[in-house]
Amino acid sequence: MPDQGDLVIVNVDGGDARKSILYAKGPAGFFPSSPGFRLREHQSMTTTTINYVTGSQSVVKGSSHSMLRKMHGLMNMFGWEILIIIGAIVARHMEQTTAYFYGYLLLYSHIAIQMTGFLLGSIGIICGLFLENQTNANNVSTHKALGITILVMGFLQVLALFARPDKESKYRKYWNWYHHNIGRVMIILTISNIFYGIHLGKAGTSWNVGYGSAIGVLALAAIGLEVRNFLKNTKCFDFPA
């Protein structure tokens, strides 16, 4: 009990001098009250094993939400960013081709990739909402607002798929402007928010390096395809005989 100081050590001579102490963190704004002084729930914990004879101790830290936190990060990375960027690269390459069958193959590949990214990213955001509720985090309002904004923009992109005018329609250019620019803004916001989430979660350098490397590879691939298309389509290198 608190403030009593009655620590009892039993069976010291029999080798039972090692005790485990569990530190439990309860919900924010709640202080345990008498007579039981019990927490309503445990949010994270640190276990310390103390040997009262030698004075040595060992600490094992853990979090009941570590798996949910990893799922939140990985789903958002693979869904909203990596797959969405790959889908955008496929769409960009699709616009450069004139082959009928190849163009349709790229179109349906673009749709499948983007829909998969949207579903995985949505799961990631849902994991984030559960994580916020269970940990009572109070510093994620900006991160959460950006995540919900990205989710809404992704949903609008999905709806745009069903409202896609024919190529001959006079409204097609406006649809293209909307679809392309919303996608670009969403990618920029997602990159910023994921790096911000890594910072908030104190995930460490490895997450920053891993995610940054993936984005760098995709950026180089996109630039390489743009250069390839430019060299293929330009006339400035065709010199007269």
Side-chain angles (χ1 to χ4, degrees), residues 72-129 140-198 211-212 214-234:
H72 169 61
L74 290 175
M75 286 293 181
N76 283 327
M77 287 181 183
F78 282 105
W80 288 119
E81 202 53 45
I82 294 177
L83 286 179
I84 293 296
I85 290 179
I86 292 174
I89 293 173
V90 170
R92 177 63 177 167
H93 189 57
M94 175 184 68
E95 294 176 353
Q96 303 294 331
T97 183
T98 57
Y100 182 82
F101 175 77
Y102 188 51
Y104 268 92
L105 178 63
L106 291 176
L107 171 63
Y108 289 116
S109 297
H110 168 68
I111 294 173
I113 294 170
Q114 302 300 70
M115 288 295 294
T116 303
F118 174 76
L119 291 175
L120 292 180
S122 299
I123 294 172
I125 289 179
I126 292 172
C127 289
L129 295 175
V140 296
S141 56
T142 301
H143 182 59
K144 177 182 176 181
L146 287 173
I148 293 176
T149 300
I150 291 166
L151 178 63
V152 171
M153 295 174 74
F155 184 69
L156 290 176
Q157 291 289 72
V158 173
L159 290 181
L161 172 65
F162 300 100
R164 181 169 174 260
D166 296 330
K167 287 186 177 181
E168 295 77 16
S169 173
K170 64 179 181 179
Y171 300 107
R172 180 59 178 264
K173 63 178 181 180
Y174 302 111
W175 184 91
N176 286 339
W177 182 90
Y178 160 81
H179 185 62
H180 295 169
N181 287 286
I182 290 293
R184 293 185 182 104
V185 172
M186 188 175 71
I187 288 174
I188 294 172
L189 285 179
T190 304
I191 292 175
S192 304
N193 203 30
I194 289 178
F195 276 119
Y196 183 47
I198 293 173
Y211 180 62
I215 297 301
V217 169
L218 292 173
L220 289 175
I223 293 171
L225 287 173
E226 289 297 317
V227 172
R228 175 180 175 272
N229 290 330
F230 174 79
L231 295 177
K232 181 180 178 181
N233 298 326
T234 186

Undergrad: Does atom OH (Tyr178) have a neighbourhood of more than 12 heavy atoms from anything else shown, all under 6.0 Å?
TA: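 Counting neighbours around OH of Tyr178, more than 12 heavy atoms of other residues, nucleotides or ligands fall under 6.0 Å, so yes.
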Undergrad: As an exercise, state the distance from CD of Glu81 to CD1 of Ile194, rounded to the nearest 0.5 Å.
TA: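 These two atoms lie 5.0 Å from each other.
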Undergrad: Scan for side-chain hydrogen bond (donor to acceptor under 3.5 Å, both in side chains) pairs involving residues 153-164, sequence neighbours excluded, and state none if there are none.
TA: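 Matches after skipping sequence neighbours: Gln157-His179.
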Undergrad: Examine distances only and state if a side-chain atom of Ser169 and a backbone atom of Pro165 form a donor-acceptor pair shorter than 3.5 Å.
TA: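 The answer is no, because no donor-acceptor pair under 3.5 Å joins these two groups.
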Undergrad: Would you give the length of the straight line joining atom CD of Gln114 to atom CG of Leu83, rounded to the nearest 0.5 angstrom?
TA: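 If we round to the nearest 0.5 Å, Gln114:CD and Leu83:CG are 8.0 Å apart.
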Undergrad: Which atom pairs, donor and acceptor, lie under 3.5 Å between side-chain atoms of residues 214-222 and protein residues at least two apart or in another chain?
TA:
none

Undergrad: What residue pairs, at least two apart or across chains, pass salt bridge (Lys or Arg N to Asp or Glu O under 4.0 Å) with a residue in residues 141-151?
TA: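 Listed by first then second residue: Glu132-Lys144.
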Undergrad: Which residue in the set Ile123, Ile125, Leu120, Ile82 passes side chain to side chain contact (heavy atoms under 4.5 Å, CB included) when paired with Asn76?
TA: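 Going through Ile123, Ile125, Leu120, Ile82 one by one, the side chain to side chain contact (heavy atoms under 4.5 Å, CB included) with Asn76 is satisfied by Ile125 alone.
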Undergrad: Do you know the tightest heavy-atom contact between Thr116 and Ala112?
TA: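 Reported closest heavy-atom pair: OG1-O, 2.8 Å.
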Undergrad: Please set out all donor-acceptor pairs under 3.5 angstrom arising from side-chain atoms of residues 184-192, sequence neighbours excluded.
TA:
from, atom 1, to, atom 2, distance (Å)
Thr190, OG1, Met186, O, 2.6
Ser192, OG, Ile188, O, 3.1

Undergrad: Nearest 0.5 Å, please: how far is CZ in Arg92 from CG in Leu106?
TA: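 Leu106 atom CG to Arg92 atom CZ measures 13.5 Å (nearest 0.5 Å).
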Undergrad: If you count every heavy atom of other residues, nucleotides or ligands that lies below 6.0 Å from Phe78 atom CZ, does the total exceed 12?
TA: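 At most 12 heavy atoms, drawn from other residues, nucleotides or ligands, come within 6.0 Å of this atom.
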Undergrad: ring-ring contact (aromatic ring centres under 6.0 Å, His included) with Tyr174: which residues, sequence neighbours excluded?
TA: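 For Tyr174, no residue satisfies ring-ring contact (aromatic ring centres under 6.0 Å, His included) once neighbours in sequence are set aside.
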Undergrad: Does Ile198 form a side-chain contact (heavy atoms from CB on, under 4.5 Å) with Met77? I'd like the steps, not just the answer.
TA: CA-CA 11 Å; Ile198 293 173; Met77 287 181 183; 3.6 Å; yes
Undergrad: Supply the atom-to-atom distance Ile111 CD1 to Leu161 CG, rounded to the nearest 0.5 angstrom.
TA: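 Output value for this atom pair is 4.5 Å.
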Undergrad: Just to verify, what does Phe118 make a ring-ring contact (aromatic ring centres under 6.0 Å, His included) with, not counting sequence neighbours?
TA: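 Scan of Phe118 (ring-ring contact (aromatic ring centres under 6.0 Å, His included), adjacent residues dropped) gives Trp80.
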Undergrad: For the side chain of His110 and the backbone of Gly87, is there at least one donor-acceptor N/O pair under 3.5 Å apart?
TA: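 Yes, because the side chain of His110 sits within donor-acceptor range (under 3.5 Å) of the backbone of Gly87.
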Undergrad: Could you grab the distance from atom OH of Tyr196 to atom CG of Leu146, nearest 0.5 Å is fine?
TA: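 Rounded to the nearest 0.5 Å, the OH-CG separation comes out at 8.5 Å.
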Undergrad: Kindly give the heavy-atom pair with the smallest separation between Leu151 and Ser122, and that separation in Å.
TA: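 Minimum heavy-atom contact is CD1-OG, 3.5 Å.
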Undergrad: Hey, could you give me the CD1/CD distance between Ile223 and Glu226, rounded to the nearest 0.5 Å?
TA: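 It is 9.0 Å, given to the nearest 0.5 Å.
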Undergrad: Is any side-chain heavy atom of Val158 closer than 4.5 Å to a side-chain heavy atom of Met115?
TA: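 With C-beta onward as the side chain, the pair touches.
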